[in-house]
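Worksheet: one structure, shown below.
Heavy-atom basis, side chains included; hydrogens, waters and symmetry copies ignored. Sequential numbering from 1 along the given sequence is applied to the chain's residues. For ligands, and for the atoms within them, numbers begin at 1 and follow the listed sequence.
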Amino acid sequence: MPQSLHADVESVLLTAEQLARRTRELGAQITADYRGRDLLLVGVLKGAAVFLVDLVRQIDLPLQIDFMAISSYGASTQSSGVVRILKDLDEPLDGRDVLVVEDIIDTGLTLGYIRRLLEARAPASLKVCGLLYKERPRPAEVHAEYVGFHIPDRFVVGYGLDYAGRYRNLPYVGVLKPSTYGGESYRRPEGRT
Ligand code: IMP
Ligand code: MG
């Protein structure tokens, strides 16, 4: 079914079909890798919620789901890496095989913080599944064990990703028109993930 393009979106980067196909592949890979393990998926709210609910139905294993919500401090234009927990996990992590599900790895500072925070809780293993990984220079290389798509350094919305809390419900990932946020080169509008 053709999707009508939102007026604020410049172009579609990833269609719903591409997202669904890649999510199936990731689910199959995770199913193979975690067989016989004690899998706990940790979704980082709010951006990863849409991806997580699709991904989890492609994993053919007993598993649990938990969520955390964080907000980055500092200048609104760039991730500072200083992160505040808005909602912590309900489950203890000791002995669990934890897979953190993220929407996008941009600077990687948020992910670095989450990794340090969760490692300190002594999980049996800790890996990361990021739907999107931006190709851009980084202060330090950031590793995600599972990556959906490597994308160019553009500000994208849809499939859970927002600008100022909006566009999360678009079924595709699209590049936002610069006129929508009033700038030629994009600047992160808000610290909240
Ligand atoms: P990082 O600490 O720079 O890696 O920031 C990661 C967070 O910033 C993600 O979880 C998103 O919430 C947000 N973010 C980074 N790039 C984009 C984008 O292109 N569109 C929407 N949100 C983004
Ligand atoms: Mg966000």
Side-chain angles (χ1 to χ4, degrees), residues 5-6 8-15 18-19 41-55 66-89 99-119 126-193:
L5 192 61
H6 193 289
D8 298 342
V9 170
E10 182 182 285
S11 61
V12 174
L13 200 60
L14 299 165
T15 65
Q18 286 175 296
L19 291 162
L41 291 182
V42 169
V44 184
L45 294 172
K46 300 171 187 167
V50 175
F51 174 45
L52 186 139
V53 299
D54 282 347
L55 179 67
D66 204 349
F67 290 100
M68 64 187 304
I70 56 168
S71 166
S72 57
Y73 275 131
S76 62
T77 54
Q78 276 182 343
S79 183
S80 61
V82 182
V83 173
R84 186 164 59 104
I85 299 176
L86 300 176
K87 181 218 171 293
D88 205 340
L89 298 172
L99 182 60
V100 176
V101 180
E102 254 288 33
D103 54 355
I104 186 166
I105 296 142
D106 183 13
T107 63
L109 292 168
T110 305
L111 186 56
Y113 175 86
I114 291 172
R115 268 196 194 273
R116 287 191 295 280
L117 183 82
L118 300 188
E119 283 286 8
L126 181 64
K127 290 185 180 178
V128 173
C129 178
L131 175 67
L132 307 176
Y133 190 96
K134 260 189 214 179
E135 293 304 330
R136 52 160 290 167
R138 294 196 165 78
E141 244 352 274
V142 183
H143 184 58
E145 285 79 2
Y146 304 91
V147 171
F149 301 90
H150 292 260
I151 64 163
D153 190 10
R154 306 290 305 277
F155 195 83
V156 293
V157 294
Y159 199 64
L161 290 124
D162 73 303
Y163 169 73
R166 300 199 176 268
Y167 310 106
R168 294 193 199 274
N169 58 318
L170 298 180
Y172 50 82
V173 172
V175 177
L176 199 60
K177 283 180 184 166
S179 56
T180 305
Y181 49 90
E184 262 311 297
S185 65
Y186 86 79
R187 286 284 170 263
R188 168 109 39 110
E190 239 298 299
R192 198 162 285 220
T193 62

(request) Could you tell me which atoms of ligand 1, counted from 1 in the order shown, lie closer than 4.0 angstrom to a heavy atom of Thr110? (result) 1 (P), 2 (O), 5 (O), 6 (C)
(request) From atom 4 (O) of ligand 1, work out which of Gly130, Gly108, Ala48 has a heavy atom at the shortest distance. (result) Gly108
(request) Could you tell me if any non-hydrogen atom of Val157 lies under 4.0 Å from any atom of ligand 1? (result) no
(message) To check you understand the geometry: which heavy-atom pair defines the closest contact between Ile105 and Ala144, and what is its length?
(response) CD1-CB, 3.7 Å
(request) Identify the two heavy atoms, one from Tyr172 and one from His6, that lie closest to each other, and give their separation to 0.1 Å. (result) OH-N, 3.0 Å
(message) Pairing donors with acceptors under 3.5 angstrom, does anything connect the side chains of Tyr159 and Asp54?
(response) yes
(request) Please name the pair of heavy atoms, one in Lys177 and one in Val9, separated by the smallest distance, quoted to 0.1 Å. (result) CE-O, 3.7 Å
(request) Could you name the option among Ile104, Ile114, Thr107 that has the heavy atom nearest to atom 23 (C) of ligand 1? (result) Ile104
(message) Going by side-chain contact (heavy atoms from CB on, under 4.5 Å), name the residues that satisfy it together with Tyr146, two or more places apart in sequence or in a different chain.
(response) Leu26, Gln29, Ile30, Asp33, Tyr34, Leu99, Lys127, Cys129
(request) Can you sort out which atoms of ligand 1 are near Lys134, meaning under 4.0 Å from one of its heavy atoms? (result) 16 (N), 17 (C), 18 (C), 19 (O)
(request) Examine the proximity of ligand 1 to Val44 and report which part, side chain or backbone, both or neither, has a heavy atom under 4.0 Å away. (result) neither
(request) State which residues pass salt bridge (Lys or Arg N to Asp or Glu O under 4.0 Å) with Glu10; sequence neighbours excluded, sorted by chain then number. (result) Arg154
(message) Please work out, at 4.0 Å between heavy atoms, whether the side chain, the backbone, both, or neither of Arg154 comes within that distance of ligand 1.
(response) backbone
(message) Taking Glu102 first and then Arg115, would you say they form a salt bridge - that is, a charged N and a carboxylate O separated by under 4.0 Å?
(response) no
(message) Please confirm whether Gly47 approaches ligand 1 to less than 4.0 Å, judged on its heavy atoms.
(response) no
(message) Regarding ligand 1, does Val156 bring an N or O atom to under 3.5 Å of one of the ligand's N or O atoms?
(response) yes
(request) Mark the output for Leu111 as yes if a heavy-atom distance to ligand 1 is under 4.0 Å, and as no if none is. (result) no
